[in-house]
Number of protein chains: 2
Amino acid sequence: MSIENDLFKLKPIAYTTMADQVENHLREYIIKRSIKPGDPIPKETEIAQSLGVSRNVVREALSRLRMLGMIESRKKRGMILTQPDVMKGLELIIHPTILDEHVRKQLFELRLVLEVGLGDLLFRRKSDEYLKKLDAIVEREQKATTQIERIRCEVDFHATLYDMAGNETLKRFQDILMPVFEYVVEYESKLDHTSVGSVTHADLVKILYADNAEAYPNAMRKHLMPHLDHL
Amino acid sequence: MSIENDLFKLKPIAYTTMADQVENHLREYIIKRSIKPGDPIPKETEIAQSLGVSRNVVREALSRLRMLGMIESRKKRGMILTQPDVMKGLELIIHPTILDEHVRKQLFELRLVLEVGLGDLLFRRKSDEYLKKLDAIVEREQKATTQIERIRCEVDFHATLYDMAGNETLKRFQDILMPVFEYVVEYESKLDHTSVGSVTHADLVKILYADNAEAYPNAMRKHLMPHLDHL
DNA sequence: TTAGCGGAATATGTAATACTTAATGTGAGT
DNA sequence: ACTCACATTAAGTATTACATATTCCGCTAA
């Protein structure tokens, strides 16, 4: 019985339900008519009649779009298109425990790539306020006595970098990915997360103060080297 | 009746439908019981009865999870949990014409960050096969006579870099983002996309051949400088 | 005995109907 | 002209019924 599972793997040929088709129709409708956020979309009953399906099926499709934040609906006003949160879809899927190790590793790699490439946004958007915040975190880290406190500083430091990058979509991306990383750490043979690599947080801050955009990427690479070596 | 007034203040914010609640229940159920891909989940009627809602509502919630690739269902076998495609949710939302300019710009920034930070993956995963492919693209680009052909080479070159990075999630991410970039180009006062920056594609390939990981980030930064300057 | 044929049982997919709820519109009466 | 009650509308929920595909089981026949 255990062999059967493998052999029957190729079977699931694409089977589209009515709800799938209605969903596609709606997407097409929105795009083709270039409907903008705030604009109304047809009533459930109209859609159902127009496509020749039951209202039930239409509601399934609409329910999907509503989950993604693409539409909103009020009791009598009908439904309107909304500006979706781009990262909403990611948020709905990414949960550490349902992602397998392989994918978690790939997301962790993605994070390393982001941190190294972040420099140019930082130098263009940096402000005294954020630099001082980074200073404070570094100081807090140096005075820290417990491992937990040091890890918290590590997280705060990098999170502040993303804040300073001034890109909300990127920040949100990072926030969603963060919980996954905690699980990756397990595989990373218990590195000392506080004093990673030869470049410290203090060194990175110094580079940011100095406006040294050339130095940033390789400094961050060295800072993350233990992780990179683990790839 | 002054109490009612107080109650009415919080009400309009928190309006969740039954389908929303069932969806959350299901997510919780999956996580708490640490159900793995391939494991079965309860029948629609069981869920409906267990939560005291109509089967219809349950189907809306299940329909959402199915769209995200979190579950699959066969006619009699019931439904099973599946390993979702992490980037599926993004794909469902990201369509250039429904995203506003602001978000498109942020995604374009994200792309620049990725390209600069990509180096370490490339050096660890590079192969003669891919390097030769890059060579061919560079050669094709130099022989190109039309602007269209040059832009195609530009796209091919960077796409091949992502291929070579050997991270399918990252590659998929890039593939989803790509269509958005074409719209960003509009704002970018018609740069000459083929000979961007002072560092050419040929230069980048040379660095890859030379195993010069230190040089990569700043070389790519210079290559993308016209875009970066536009931030 | 065994192969295979056919029907029962099961769970999802679809349809139809009715009712609830909230928001909007409308008209009658003071 | 204003208010209040009632009608109207459209989404949310429930119920029922049937279609369809798949598995299971048992029966018959070679």
Side-chain angles (χ1 to χ4, degrees), chain A residues 1-5 7-26 29 38-82, chain B residues 1 4-5 7-26 29 38-82:
Chain A
M1 289 294 259
S2 54
I3 304 167
E4 268 187 13
N5 278 336
L7 291 177
F8 278 63
K9 266 275 170 119
L10 16 146
K11 237 182 106 200
I13 309 169
Y15 166 61
T16 65
T17 64
M18 288 291 135
D20 294 331
Q21 294 176 42
V22 172
E23 185 196 337
N24 290 332
H25 264 93
L26 287 172
Y29 176 88
D39 292 348
I41 58 179
K43 322 300 172 196
E44 292 179 352
T45 50
E46 290 173 17
I47 298 171
Q49 196 163 12
S50 163
L51 298 180
V53 296
S54 82
R55 189 176 151 231
N56 218 323
V57 166
V58 173
R59 279 191 59 82
E60 275 191 33
L62 290 170
S63 180
R64 297 176 180 184
L65 300 184
R66 206 173 310 122
M67 173 182 59
L68 295 175
M70 295 177 66
I71 62 175
E72 270 180 20
S73 42
R74 300 284 156 81
K75 280 276 155 108
K76 164 148 188 184
R77 178 159 186 172
M79 313 185 5
I80 58 170
L81 205 69
T82 55
Chain B
M1 288 305 178
E4 271 189 9
N5 279 336
L7 291 177
F8 270 106
K9 281 179 183 172
L10 3 154
K11 219 179 143 202
I13 315 167
Y15 173 59
T16 62
T17 64
M18 287 292 134
D20 294 331
Q21 295 176 41
V22 173
E23 185 197 336
N24 290 332
H25 263 93
L26 287 171
Y29 176 89
D39 291 349
I41 59 180
K43 320 303 173 194
E44 291 179 353
T45 49
E46 288 174 16
I47 298 170
Q49 197 164 13
S50 162
L51 298 180
V53 296
S54 83
R55 188 174 152 231
N56 217 322
V57 167
V58 173
R59 279 190 61 80
E60 277 191 32
L62 290 170
S63 181
R64 298 175 180 183
L65 300 184
R66 207 175 308 121
M67 173 182 60
L68 295 174
M70 293 177 68
I71 61 174
E72 270 181 20
S73 42
R74 302 284 158 78
K75 279 282 156 100
K76 162 146 188 184
R77 177 157 188 174
M79 313 183 8
I80 57 170
L81 203 70
T82 55

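Note on naming: letters A, B, ... go to the chains in the order of the sequence lines (proteins, then strands), and numbering restarts at 1 for each one.
If you measure from atom CD1 of B/I71 to atom P of C/dA11, you get 16 Å, rounded to the nearest angstrom. In this structure, CD of A/E72 is placed 19 Å from P of D/dA10, rounded to the nearest angstrom. Between B/R77 atom CZ and C/dA11 atom P the separation is 13 Å, expressed in whole Å. Going from atom CZ of B/R74 over to atom P of D/dT23 covers 9 Å, rounded to whole Å. Atom CG of A/L51 is separated from atom C1' of C/dA15 by 15 Å (rounded to the nearest Å). Distance, B/E46 CD to C/dT10 C1': 11 Å, rounded to whole Å. When rounded to the nearest whole Å, the span between NZ of B/K43 and C1' of C/dA11 equals 7 Å.
With sequence neighbours excluded, no residue forms a side chain to side chain contact (heavy atoms under 4.5 Å, CB included) with B/S50. With sequence neighbours excluded, the residues forming a side-chain hydrogen bond (donor to acceptor under 3.5 Å, both in side chains) with B/D20 are B/T17, B/R64, listed by chain and number. Here B/Q21 pairs with B/T16 under the side-chain hydrogen bond (donor to acceptor under 3.5 Å, both in side chains) rule; sequence neighbours left out. In this structure, A/Q49 has no side chain to side chain contact (heavy atoms under 4.5 Å, CB included) partners at least two apart in sequence or on a different chain. Listed by chain and number, the residues in a side chain to side chain contact (heavy atoms under 4.5 Å, CB included) with A/N24 are A/R27 (sequence neighbours excluded).
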Please list each protein N or O that sits under 3.5 Å from an N or O in nucleotides 5-9 of chain C, with the distance.
none

Could you run down the sub-3.5 Å N/O contacts of the protein with nucleotides 12-19 of chain D?
residue, atom, partner, partner atom, Å
D/dG12, OP1, A/S73, OG, 3.4
D/dG12, OP2, A/R59, NH1, 2.7
D/dG12, OP2, A/R59, NH2, 3.3
D/dG12, N7, A/R55, NH2, 2.7
D/dG12, O6, A/R55, NH1, 3.4
D/dT13, OP1, B/M18, N, 2.6
D/dA14, OP2, B/S54, N, 2.8
D/dT15, O4, B/N56, ND2, 3.4

Tell me which donor-acceptor pairs under 3.5 Å the side chains of residues 68-78 of chain A have, and how far apart each pair is, sequence neighbours excluded?
residue, atom, partner, partner atom, Å
A/E72, OE1, A/R74, NH2, 3.3
A/S73, OG, A/R66, NE, 3.2

CA sep, side-chain torsions, deciding dist, call: A/V53, A/V22, side chain to side chain contact (heavy atoms under 4.5 Å, CB included): CA-CA 9 Å; A/V53 296; A/V22 172; 4.1 Å; yes

Start with the C-alpha distance between B/I80 and B/I41, add both sets of side-chain angles, then the distance that settles side chain to side chain contact (heavy atoms under 4.5 Å, CB included), and finish with yes or no. CA-CA 6 Å; B/I80 57 170; B/I41 59 180; over 6 Å; no

